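In what follows, every heavy atom counts, from backbone to side chain, and hydrogens, waters and symmetry copies are set aside. Just so we're on the same page: letters track the sequence lines, and every chain starts at 1. Since we're looking at a predicted model, the values are computed, not measured.
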2 protein chains.
Amino acid sequence: MNDARRKFKRETADQRKEALIQATLSLVAEKGVRGATVRAIAERADVTQGLIRHYFSTKEELVTAAYETHMTEMTDLTFTIAAKVQGTARDHLAALVRTSLEPPVADPRAVALWASFLNKVQQDAQMKATHERTYADFRDRLQDLIRAALDEAGQSVSDTRLHHLATACNGVIDGLWLEGGALPDAFAPGELPGIGVESVGAIIGLDLEQRANQP
Amino acid sequence: MNDARRKFKRETADQRKEALIQATLSLVAEKGVRGATVRAIAERADVTQGLIRHYFSTKEELVTAAYETHMTEMTDLTFTIAAKVQGTARDHLAALVRTSLEPPVADPRAVALWASFLNKVQQDAQMKATHERTYADFRDRLQDLIRAALDEAGQSVSDTRLHHLATACNGVIDGLWLEGGALPDAFAPGELPGIGVESVGAIIGLDLEQRANQP
DNA sequence: TTCGTATTTATACACTTGCATAATTACGAA
DNA sequence: TTCGTAATTATGCAAGTGTATAAATACGAA
């Protein structure tokens, strides 16, 4: 008769929230937002479903928090990796493009998440704001790198032209990122970053593929 | 007391199936596959839910049929529009790129559908096959146009190189298509086709933006 | 060690979901 | 016109959904 009650451990609020968010992200990537049910999330986080209510007053709130976490992590990851590269401005630009199109940034799971969230992003104001913020962040950074690389090559361009170049390069990078994550088998290893560097270089009129000297 | 039974009209099987499929697609675009419930689909098609069972033995079957219809329509649409252009091989290539990145092909709804279906496409064998077939169709066609344009310009390339160029251009086009549909406000009208033509031209080494003479 | 309380589990509820089945009705064939 | 039957509606059901609330327990403070 002793239907032993489940044992549990008390965690800090941050740890539990993080665990619930990660469980949510993995389920959203697999089955979409509606497929990530409260019960499934609780199970994956190894917790009973009532606990979710204790940390997030609603499923909507959990999903929004998960999206925010994911987007921030992605942006940070990209910039962190790319920032490690030493060299000329041209090298920096090439590195950002490469980083954006290689694992762990370019990754089927990340694209699956992007796709799963798209509906909600288009309808929920808060998620839309998060999306636009991270998008603008990336694009401004890219624009700065393009300007620096062109300066370095002795080329000056108007602000209008620079804006156009950044939009074009950003579109190509994001597009290839999506494409690579959606069809990982359509490209040979390393092919996607190569296409990205080639395309971005062609658009702005610099050869990004030739590396500067490195010791 | 006379809870008048709902009046109805008998339609042909094809008409009803088509109506149900269109209702399904519009709901999937808005709310994802799980959000497109049998009851919501029936309501949008102005029919009671039991009827769906009469034409499709399961919701899965309806969703699969809807996906197939959508993908086929998209491919046909793209090729049909692009094929109307007269001119040189270079013009044909430019037209395909432009068509792919303009309405009605490039369109937020189409991208929303793509995103909503992504999960299922990756998991369901039949949908995966449909996806790969339409993808390969487009890419082969693109490759032929690239070869013709290069021939015309007196340039010959190896098969390996041609394959790489087609992959790169296809990635850029699909990527920009996704990007444009996901962020319709990020680009000025006509900007996206311009970026596409510019990028594809840069990748293959031809200026696609200069039109051949047209009467 | 005891005790208080925030954390966690357990249970329940109202509603939605896909699917099944019985009851009606429109419409072509005779 | 009548009549048969396929098309359509109406109703029901078991499983799954998000959320609410009460009961139990781990663990730091005293």
Salt bridge present between B:D46 and B:R6 (N-O < 4.0 angstrom):
yes

As a test of understanding, state which of B:L165, B:V157, B:L162 forms a side chain to side chain contact (heavy atoms under 4.5 Å, CB included) with B:I204.
B:L165

B:R10, nearest nucleotide to its side chain (from C:dT24, D:dA7, C:dT9):
D:dA7

Provide, to the nearest angstrom, the distance between the CD atom belonging to B:E11 and the C1' atom belonging to D:dA6.
14 Å

From NZ of B:K31 over to P of D:dT17, roughly how many Å is that when rounded to an integer?
18 Å

Whole angstroms only, please: what is the CG-P distance between B:L62 and C:dT17?
15 Å

Tested for side chain to side chain contact (heavy atoms under 4.5 Å, CB included) against A:N170, the lone hit among A:D174, A:T167, A:V172 is A:D174

Euclidean distance, atom CD of residue B:Q15 to atom C1' of C:dA26 [Å, nearest integer]:
15 Å

Around atom NZ of A:K59, are there more than 12 heavy atoms of other residues, nucleotides or ligands at under 6.0 Å?
yes

Is the count of non-hydrogen atoms from other residues, nucleotides or ligands lying under 6.0 Å from B:E43 atom CD greater than 12?
no

Here the distance between atom C1' of D:dA6 and atom NZ of B:K9, to the nearest Å, is 16 Å

Looking at B:R16, does any N or O in its side chain come under 4.0 Å of the phosphate oxygens OP1/OP2 on D:dT8?
yes

Expressed in angstrom and rounded to an integer, what is the separation of B:K17 atom NZ from D:dT8 atom C1'?
16 Å

How close or far is atom C1' of D:dT5 from atom CZ of B:F8, stated in whole angstroms?
12 Å

Rounded to the nearest Å, what distance is computed from the CZ atom of residue B:R5 to the C1' atom of nucleotide C:dT25?
7 Å

B:E61 and B:T58: side chain donor to acceptor below 3.5 Å:
no

Rounded to the nearest 0.5 angstrom, the NE2-CD1 distance for A:H164 and A:I203 is 8.0 Å

Sorted by number, the residues of residues 35-59 of chain B with heavy-atom contact under 4.0 Å to DNA chain C
B:T37, B:V38, B:R39, B:Q49, B:R53, B:T58, B:K59

Starting at the 5' end of DNA chain D, which residue's closest nucleotide do you reach first, B:A13 or B:R34?
B:A13

Classify the side chain of B:R6 versus the base of D:dT9 as yes if they form a donor-acceptor pair under 3.5 Å and no if they do not.
no

